[in-house]
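See below for the structure under consideration.
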Amino acid sequence: MPAIALLGAQWGDEGKGKATDLLGDRVDYVVRYQGGNNAGHTVVIGDASYALHLLPSGILSPGVIPVIGNGVVVDPQVLFDEMAGLEARGVDTSRLLVSANAHLITPYHVTLDKVTERFLGNAKIGTTGRGIGPTYGDKVGRLGIRVQDLFDPSILRQKVEGSLESKNQVLVKVFNRRALDVDVITEELLVFAERLRPYVADTALILNDALDNGATVLLEGGQGTLLDVDHGTYPFVTSSNPTAGGACTGSGIGPTRLTHVIGIMKAYTTRVGSGPFPTELFDADGERLQQIGGEVGVTTGRSRRCGWFDAPIARYATRVNGLTDIFLTKLDVLTGFERIPVCVAYDVDGVRHDEIPMTQTDFHHAKPIYEYLPGWDDDISRAKSLADLPAAARDYVAFLEEASRAPVSAIGVGPDRDATIVVRDLL
């Protein structure tokens with residue numbers, strides 16, 4: 001049975017939670033495969049809105065088993081706070097599984113993240129300050145603390161001591177901060193051991209067995225393609241791989257088991273944090289997109305930068321991820337615009353680029369080349385099929401589909417759970 005990857009195809013915040021929730025009743029497992037509590041999903045069910053930061057969106061679908069995969073970095077306090085918040089609203093979180101191989105965000109990772117970002121000044125990356133980058137840095141540097149280490153206090157202390165040996169030197173001599181105590185940090189982490197133990201499992205084994213037994217597994221990414229540490233707008237990226245390859249490494253599911261790769265794209269473009277953004281708007285249209293679209297980060301609370309749809313980025317995401325389907329979100333936000341620009345290429349110092357320029361320097365200098373499509377005034381929030389959309393909206397979707405080089409299989413026309421047009425079945 002299928003393993004389906006569902007991921008952001010722009011700079012994140014595309015509406016992955018809505019897409020995951022749409023599929024939630026038809027899948028057996030929903031797996032978060034990368035990132036940490038620097039990402040966020042908003043899911044609207046009836047009159048209730050749920051903001052998820054670390055937990056997979058499948059936690060809201062009864063009968064679905066939510067999984068935090070090995071590729072995720074976990075702040076245990078954030079995890080338990082989020083679970084408690086959902087439990088208080090009547091959501092059952094007891095089904096959650098957490099990979100024993102997932103890495104833990106420790107207090108010193110958060111400290112280093114914050115002081116390093118301040119130290120960078122104008123050159124800052126735009127990190128959320130939640131310890132994500134330093135935790136992934138320790139992971140690849142083989143200094144990381146994994147969930148399973150909580151269950152062996154002696155190994156945990158050895159690993160904390162080994163990690164702090166160099167970090168305390170940096171904190172004291174570079175940032176003029178106090179050294180952190182090994183025993184204090186170890187005890188702070190051990191507090192979570194027994195609370196976390198019931199949820200910890202060999203999730204890669206469970207997921208592969210489930211696929212062998214006919215289950216459907218949905219792999220859910222955080223952030224987006226252009227924030228991928230390998231394929232994004234480096235260095236203004238996250239520290240993990242939100243792209244389709246990361247779905248495999250972050251879950252322990254082999255690539256031959258993926259049957260669908262669904263890319264989530266807004267009908268316009270947004271990004272949070274620093275970095276290049278060719279179609280960014282600094283005028284009334286940008287303010288309008290931000291206000292109507294509610295463009296404020298779920299996790300950070302930061303206003304998102306807004307711009308028109310960027311077709312070269314969409315094509316890039318299709319290529320890098322091998323997209324089989326596009327889920328186009330927030331089409332309704334464009335209602336009322338007399339005409340809607342779409343970036344079809346870039347001008348870099350007088351040279352046309354139909355694809356993303358190869359170098360960081362050229363991309364920073366890229367200026368959008370637009371084609372203009374007619375807008376529409378009709379309320380589309382109750383549309384249930386393509387035929388219900390005004391002709392201009394249908395033409396806009398068709399234009400984006402052709403420009404992105406992947407089929408648009410679903411369209412979000414409003415924030416509600418059922419405000420979605422399904423063009424082609426996503427399973």
Side-chain angles (χ1 to χ4, degrees), residues 5-17 19-20 32-42 52-54 69 71-73 105 113 117 120 123-137 139-140 219-247 249-250 261-266 268-280 295-307 309-310 312-323 326-327 329 356-357 360 363-364 366:
L6 188 149
L7 50 90
Q10 294 162 318
W11 273 288
D13 306 306
E14 302 94 347
K16 294 179 289 294
T20 305
R32 176 79 182 276
Y33 62 80
Q34 53 76 221
N37 58 300
N38 57 338
H41 302 314
T42 298
L52 303 175
H53 308 281
L54 185 56
V72 178
V73 291
I105 300 172
D113 200 0
E117 186 77 347
L120 289 172
K124 63 184 180 181
I125 303 299
T127 173
T128 59
R130 287 166 168 80
I132 310 299
T135 305
Y136 277 113
K139 177 179 178 176
V140 299
L219 305 168
E220 172 188 68
Q223 291 91 32
T225 296
L226 274 297
L227 291 179
D228 187 281
V229 70
D230 284 290
H231 301 290
T233 49
Y234 191 90
F236 303 99
V237 293
T238 194
S239 300
S240 58
N241 294 105
T243 45
T249 57
V261 180
I262 304 167
I264 315 303
M265 298 182 188
K266 276 179 183 165
Y268 51 101
T269 311
T270 64
R271 81 169 293 174
V272 171
S274 305
F277 185 0
T279 68
E280 184 172 10
E295 298 299 349
V296 177
V298 177
T299 295
T300 64
R302 293 183 290 184
S303 295
R304 298 176 186 137
R305 301 156 64 190
C306 295
F309 189 88
D310 190 318
I313 281 175
R315 288 194 292 274
Y316 180 77
T318 297
R319 182 170 72 250
V320 169
N321 294 294
L323 297 184
I326 292 171
F327 192 132
T329 62
I356 293 179
Q360 175 184 342
F363 195 48
H364 272 276

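All of these numbers come straight from a predicted model, not from anything done at the bench.
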Checklist entry - Which residue, Thr318, Thr243, Asn321, forms the side chain to side chain donor-acceptor pair (under 3.5 Å) with Thr225? => result Asn321
Checklist entry - Under 4.5 Å between any side-chain heavy atoms of Lys266 and Asp13, yes or no? => result yes
Item to check | Under 3.5 Å: donor-acceptor pair, side chain of Arg304, backbone of Val296 | outcome: yes
Checklist outcome for this item: Taken to the nearest 0.5 Å, the spacing of Arg271 CZ from Gln223 CD works out to 12.0 Å
Item to check | Nearest non-hydrogen partners of Val72 and Gly36, listed with the distance | outcome: CG1-CA, 4.4 Å
Item to check | Check: Ala317 main-chain N/O paired with Arg315 side-chain donor or acceptor under 3.5 Å | outcome: no
Checklist entry - Do Met265 and Glu14 have side-chain heavy atoms sitting under 4.5 Å apart? => result no
Checklist entry - Mind checking whether Asn37 and Val73 have side chains closer than 4.5 Å, heavy atoms only? => result no
Next on the checklist: For Phe236 and His364, take the angle between the two ring planes, folded into 0 to 90°, and tell me which bin it lands in: parallel under 30, tilted 30 to 60, perpendicular over 60.
Outcome noted: perpendicular
Checklist entry - Within a strict 4.5 Å, meaning less than it, do heavy atoms of the Val229 and Tyr234 side chains meet? => result yes
Next on the checklist: Apply side chain to side chain contact (heavy atoms under 4.5 Å, CB included) to residues Ile313 and Trp11 and explain how you reach the verdict.
Outcome noted: CA-CA 9 Å; Ile313 281 175; Trp11 273 288; 3.2 Å; yes
Next on the checklist: Please find the pair of heavy atoms, one from Gly35 and one from Ser240, that lie closest to each other, and give the distance.
Outcome noted: N-OG, 3.6 Å
Next on the checklist: On a heavy-atom basis, which atom in Cys306 and which in Glu295 lie closest, and how many Å separate them?
Outcome noted: SG-CG, 3.8 Å
Checklist entry - Atom CD1 of Ile264 and atom CD of Glu220: how far apart are they, to the nearest 0.5 Å? => result 10.0 Å
Item to check | Spacing of Ile132 atom CD1 and Asp113 atom CG [to the nearest 0.5 Å] | outcome: 7.5 Å
Checklist entry - Do Asp310 and Thr269 get their side chains close enough for a donor-acceptor pair, meaning under 3.5 Å? => result no
Checklist outcome for this item: On a heavy-atom basis, the closest approach of Ser274 and Arg305 is C-NH1, 3.7 Å
Checklist entry - What distance separates Thr238 OG1 from Leu226 CG, expressed to the nearest 0.5 Å? => result 13.0 Å
Checklist entry - Which heavy atom in Ala314 sits nearest to a heavy atom in Phe309, and how many Å separate them? => result CB-CZ, 3.7 Å
Item to check | Worked check of side chain to side chain donor-acceptor pair (under 3.5 Å) between Asn241 and Thr249 | outcome: CA-CA 9 Å; Asn241 294 105; Thr249 57; 5.5 Å; no
Checklist entry - Between Leu323 and Leu7, is any pair of side-chain heavy atoms under 4.5 Å apart? => result yes
Item to check | Gln10 and Thr270: CA distance, side-chain angles, deciding distance, side chain to side chain contact (heavy atoms under 4.5 Å, CB included) verdict | outcome: CA-CA 8 Å; Gln10 294 162 318; Thr270 64; over 6 Å; no
Checklist entry - Do Tyr33 side-chain atoms and Pro242 backbone N/O form a donor-acceptor pair below 3.5 Å? => result yes
Item to check | Rounded distance [0.5 Å steps], OG1 in Thr233 versus CG in Leu227 | outcome: 6.0 Å
Next on the checklist: With a 4.5 Å cut-off on side-chain heavy atoms, are Phe363 and Ile356 touching?
Outcome noted: yes
